Amino acid sequence: MAPTLYRGIRPGADNRARDWAEIQERMLVPLYETVYDRVGIGPHTRLLGLGCGTGLALLLASRRGAAVTGLDSDESRLAVARDRLLPDGASDGGGPRVRRPRARLGGLQDRPIGDDFDVITALDPVAPAEEVAPALAATAAAAAPGSTVVLTGWGPPERCATARVLRLAARLAEPRGPRPPGARLGGRDVGARGDGGDDRDARDGRDDPAALEHLARDAGLRPDGTGQVSCPFGYPDLPSAVRGLLSTRLFDAAIDATDRDQVDKEITEALHPYRRPNGTVRMDNVFRYLVARV
C-alpha cells in the first residue's frame, strides 16, 4: 500500500505544505482510488495531474504502474511532491517517462501541454474554479481526441460537514479583507452566505448540482459519467484539525484580515460539534467526480 504520510523534514519550508501532506491530503485517498478504479489507471496510463499539490494522488497512480507528471503553482507543495515521487534524487526532466514519475513545477494557466497524456486529472476539490477553468481549456485544446479528463468537487452542502466550518473563511475575511477564492463546493463558493448569515443555496444560482458538467463543457470537454465518494475528515485532536483545515489555504485572507490566533480560535470553536468523547474530531463529507472526454 502506498504511504499517505510525508515524514521528511524541510528547514524553512512552508508549514502549510507539510500539514497538507501529513494531515489533510490523505483524507482524499478514497476519492483518488475510486477515480483511478473508474478510469482504469494502470501500467499503460500516461497521466497528467493538474494542481497535483504534494503529490499523493500521483504517487498512488505511479504505484499502479502509470507514468505520471504533475503541475502545480505552489512551489512548497511541489517540493514535497518531488520528495515523494523522486526519493532517490532523480531529475524531474528528460529521460524515459514510462513508469517514471515526475513532478514538474509550473502554473496552471500559462504552460504548454503536450498531447502525450491519455488521462488528465484535477483532483483538488478545493481548487478555485477560476484557476481550474483555464487549465482545462488549454488541456482540451492540446490533448488527443478521446483522452479522459476527471474533475472533482464537493458534494451536496447538506452532506458535507466541513463546509460549515470552511464558511468561517468568508466571515472572518469580510469586510476588512478580500474574499477568499471560492472552492468548488457543489458549484458555489464555500464561503457564500446570505444576508442573515444563512446559506445562500439555490437562490443565488451558484448552488448548481451540474457545476462540474458546466466546467467541463466550458472547457470543450464532453461529460461521460459521474460518481460520489464518502471522504470523512478525521483528526486525532482539535489542534491537528485546525492545522489540517488551515493547510487548504482557504483561510489565508481571513488571517490577513484578522490574525492567526483569532482564526485558530474561531475554527476550534466551530469544530466542537464534531469532537468525540475521546477527543478525536470527525466530519463526514461526500465528494463528487466527473469523467469527461476530449
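Since the model is a prediction, treat every value here as computed from it, not as a measurement.
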- line: Sorted by chain and residue number, the side chain to side chain donor-acceptor pair (under 3.5 Å) partners of Thr148 (sequence neighbours excluded) come out as Arg293
message: Can you tell whether the side chains of Arg63 and Glu33 come within less than 4.0 Å, N to carboxylate O?
response: no
- request: Verify whether one side chain among Arg38 and Tyr289 offers a donor that lies under 3.5 Å from an acceptor in the other.
  value: yes
query: Is there a donor-acceptor pair closer than 3.5 Å between any side-chain N or O of Arg46 and the backbone N or O of Asp116?
result: yes
task: For Thr121 and Leu123, work out which heavy atoms get closest and say how close.
output: CB-CG, 3.7 Å
field: Member of Asp19, Asp264, Asp237 meeting the salt bridge (Lys or Arg N to Asp or Glu O under 4.0 Å) criterion with Arg243
entry: Asp19
query: Taking NZ, NE, NH1 and NH2 as the nitrogens, is one of them in Glu25 or Arg84 under 4.0 Å from a carboxylate oxygen of the other?
result: yes
task: Quick one: closest heavy-atom pair of Ala219 and Ala140, and the distance?
output: O-CB, 3.0 Å
field: Heavy-atom donor-acceptor pair, Asp124 side chain to Gly51 backbone, under 3.5 Å
entry: no
Sub-4.5 Å side-chain heavy-atom contact between Thr280 and Arg275: no
- prompt: Without hydrogens or angle criteria, can the side chains of Arg164 and Tyr274 be said to hold a donor-acceptor pair below 3.5 Å?
  reply: yes
statement: d(Phe287 CZ, Asn285 CG) to nearest 0.5 Å is 5.0 Å
query: For Trp154, is the NZ or CZ atom of Arg288 found under 6.0 angstrom from the centre of its six-membered ring and inside 45 degrees of the ring axis?
result: no
message: Testing the basics here: between Leu221 and Ala292, what is the closest heavy-atom pair and its distance to 0.1 Å?
response: CB-CB, 4.0 Å
- prompt: Has the side chain of Thr34 got a donor or acceptor atom that lies under 3.5 Å from a matching backbone atom of Leu31?
  reply: no
field: Hphob cluster co-occupancy, Val286 + Val165, side-chain heavy atoms under 4.5 angstrom
entry: no
- request: Output yes when a side-chain donor or acceptor of Tyr36 lies under 3.5 Å from a complementary backbone atom of Ala57, and no otherwise.
  value: yes
- request: Say whether Leu59 and Val150 are linked into one hydrophobic cluster, either directly or through other cluster members, by side-chain heavy-atom distances under 4.5 angstrom.
  value: yes
